[in-house]
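Here is the structure we will look at.
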Protein chains: 2
Amino acid sequence: MNLKELATKLGLSPTTVSRALNGYPEVNEATRARVIAAAKRHNYHPNTRAIRLATGRAMAVGHVIPIATRHEIVNPVFADFIAGAGEIYSRNDYDMILSVVADEDEEATYRSLKSKGNVDGVIIHAPRLNDARIPLLREIGLPFVVHGRSTGAAEPYNWVDVNNRRAFQRATEFLLDLGHVRIGLVNGLEFMDFAIRRRTGYLDALAARGIGPDPSLMFSGEMTEFSGYRASQAMLALPRPPTAILCSSMISGMGARRAVEGAGLVIGRDISIIIHDDDLSYMKNGEDVPIFTATRSSVREAGRLAAEMLLHVIAHPDAGPQQRLLEAELIIGQSTGPAPKA
Amino acid sequence: MNLKELATKLGLSPTTVSRALNGYPEVNEATRARVIAAAKRHNYHPNTRAIRLATGRAMAVGHVIPIATRHEIVNPVFADFIAGAGEIYSRNDYDMILSVVADEDEEATYRSLKSKGNVDGVIIHAPRLNDARIPLLREIGLPFVVHGRSTGAAEPYNWVDVNNRRAFQRATEFLLDLGHVRIGLVNGLEFMDFAIRRRTGYLDALAARGIGPDPSLMFSGEMTEFSGYRASQAMLALPRPPTAILCSSMISGMGARRAVEGAGLVIGRDISIIIHDDDLSYMKNGEDVPIFTATRSSVREAGRLAAEMLLHVIAHPDAGPQQRLLEAELIIGQSTGPAPKA
DNA sequence: GAATCGCTTCAAACCGCTTTGGATAGCCAA
DNA sequence: TTGGCTATCCAAAGCGGTTTGAAGCGATTC
């Protein structure tokens, strides 16, 4: 059942039927009601492909996922972000297109997405310092929103981000207030912008109390369980081990916990741990009582906000750059306590 | 730059240019070379929307993701599957469309995907016993491949699955061989088909040694860390606790580990643990030496295979039902050992 | 020399919708 | 009566490709 058939059945022109269904004013309300009823009765759904060609809009948004060579983006955090964004897209009749491509094809993918007209806009994931994708997308004229920020970008751009610096600064201050002085940082990969900001927050808080950086207490790597385990284990083996560890994710925090317990220490008494909690749906930080003290910010909500922003940017290309900074909450759990007496 | 412009520039008709670029035989090879060169020079990329309308194919595949009310599908396993499938799609110039919809809209989503012509086929995730989606998709005539199987389906359908029954049977036998008799099962939700099969494998292995089921050693729930923790904790608190636990995922296994260590027991000595390892890229079961003894099967590879199967089914609608059963490996790690002397 | 054939190429229809630019009819003021 | 509005509706032209049916043309065949 297509538009022409429906129009014939109704004894109307395709023009009128199309207008009736799309809410245009130049159609008699009685006629409109008749058309709508007939459309429902005959289970008419306009062909998306035809709409797209006729309107010149893709009604789709792209997420390009480079396959890991340097950094695995297909991680639990990504999944939750996608879920949040996807809610918004389907609510607005947009398709979400995921392109999984080799690292080196990423630029070509954006260009082809634009020139072949597959999408109306894209979301940039996991931005780095001076991320090359920002000038690229500006150049090819594809609307975009960045999930995160990219320090060093020349001009303003659209982004949704958590205040990572402040979050880690507060977490560090919280530990300092508990008397901790030697605080380890198990960070993400520090060519990622968010990881840089977290480190900055951590260092700022330490510096404010006159504590300088100690490289042996600072680790940067993939945020896996194993990586968190090994980094924590190494720190605990130091002559002067930390009394607290700040972890960049729930998963690396679980690795840290394994290392601490493996060393026969008790979390919250001998060693305090704070994690960053993305509030993942299938990896809750406890149910009623949080397992870990954490800086919490829902990445799913960030996905919703970024998607909404992108749709807004697509609809209003000339509105200025949109920006949204989210604050993380500091959630007190069972993994922190006063620094043990020396 | 579109086809007509390019044709004009070349002094050819759009027909010939189209055919030259699409490899049709009825075009002079010299002309074809000239066309291809011009297309490259002018950076011509055919408009996807036009191709789709003209050919009547969507060149896209859908993955419908119901938002959690009963079961959260947006989990790490799902993310890796998607990554694998996505590789295949982009290699074949197909788009991967993710539809995130409320549970109750799932059926409507499939119907609209079909009638609006957004996709050429779909992949069904997380099938249940007598899954309603299978007859539904057959009814509306949308090609599909199931990731997993659905016990009770009336007619054969396309699927890619791991031999879950055999995997858990072997894992259980392995534990039995080590002298374990009281073996706990921390399973996924048992309205999911894979969880049912795993339970069957576990029970079959026990029954073969004359051991009957003990409900207090069998848990079924979401595969989260917390759920694994609580289930294991409860089992360990029994008057006659298990000496081994079989977990349905890496994540619930991590919860089990926490419970075991929290009880002051040593894994691999006091309690053995076997998990099912989906070989997730960001949640490796150790690096060189596996942390957990595990039944391993790459869900990413399953995603690749399912995607390939779907593209094949789309291209050859009349080929019979395709099926692919993968066997899991049994990987020996550090989490298992002989049953402790009573 | 005419008919046939294979190789190339093209004009035009078509995919299913949107949108522009009328056309028609009813109604009211002049 | 007539011109001007307004309210409705429609024919036709796109959107940018693919595909059908036909035609031009030199070579071959009879």
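So that the names make sense, note that chain A is the first sequence line, chain B the second, and so on, each numbered from 1.
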Identify which one of A/D131, A/V162, A/D161 satisfies the side chain to side chain contact (heavy atoms under 4.5 Å, CB included) criterion when paired with A/R149.
A/D161
Applied to residues 83-108 of chain B, the ring pair (Phe, Tyr, Trp, His ring centres under 6.0 Å) test, sequence neighbours excluded, yields B/H63-B/Y89
Which residues share a side chain to side chain donor-acceptor pair (under 3.5 Å) with A/E107, sequence neighbours left out:
A/R111
Keeping to residues at least two apart or across chains, list the salt bridge (charged side-chain N to carboxylate O under 4.0 Å, His left out) pairs with something in residues 33-61 of chain B.
B/R52-B/D95
Show me the pairs that pass ring pair (Phe, Tyr, Trp, His ring centres under 6.0 Å) and involve residues 298-322 of chain B, at least two apart or across chains.
B/H312-B/H316
Indicate the ring-plane relationship of A/H147 and A/F81, choosing parallel, tilted or perpendicular according to the 30° and 60° boundaries.
parallel
Which part of the nucleic acid, if any, lies within reach of A/G11 when heavy atoms closer than 4.0 Å are counted: base, sugar-phosphate only, or nothing?
sugar-phosphate
Sidechain N-carboxylate O distance under 4.0 Å for A/K116, B/D93:
yes
Test item: B/Q323 and B/M309 side chains (from C-beta on) under 4.5 Å apart, heavy atoms:
no
Going 5' to 3' along DNA chain D, which are the first and last nucleotides with any atom under 4.0 Å from a heavy atom of chain B?
D/dG16 to D/dG21
Quick check against the 3.5 Å criterion: does B/S115 have a side-chain atom that pairs as donor or acceptor with the backbone of A/H45?
no
Regarding B/S150 and B/D193, do their side chains bring together a donor and an acceptor under 3.5 Å, going by distance alone?
no
Quick one, which residues of residues 39-55 of chain A touch DNA chain D with a heavy atom under 4.0 Å?
A/L53, A/A54
Going by number, which of residues 21-35 of chain B have a non-hydrogen atom under 4.0 Å from DNA chain D?
B/N22, B/Y24
Do A/T151 and A/N130 pair up side chain to side chain, a donor and an acceptor below 3.5 Å, judged on atom types alone?
no
Closest contact, heavy atoms only, B/V100 versus A/S90:
O-OG, 2.5 Å
Under a 4.0 Å heavy-atom criterion, DNA chain C is touched by chain B from C/dT8 to C/dG16
Need the bend value for the helix from C/dG1-D/dC30 to C/dA30-D/dT1: angle between end axes, 5 pairs each end, nearest 10°.
70°
Within residues 6-15 of chain A or reaching into it, pairs that qualify as side-chain hydrogen bond (donor to acceptor under 3.5 Å, both in side chains) - sequence neighbours excluded:
A/S13-A/T16
Got a sec, which residues hit salt bridge (charged side-chain N to carboxylate O under 4.0 Å, His left out) with B/K114, two or more places apart in sequence or on another chain?
none
Pairs where residues 301-323 of chain B contributes a residue and the test salt bridge (charged side-chain N to carboxylate O under 4.0 Å, His left out) is met, not counting sequence neighbours:
B/E87-B/R304, B/E301-B/R304
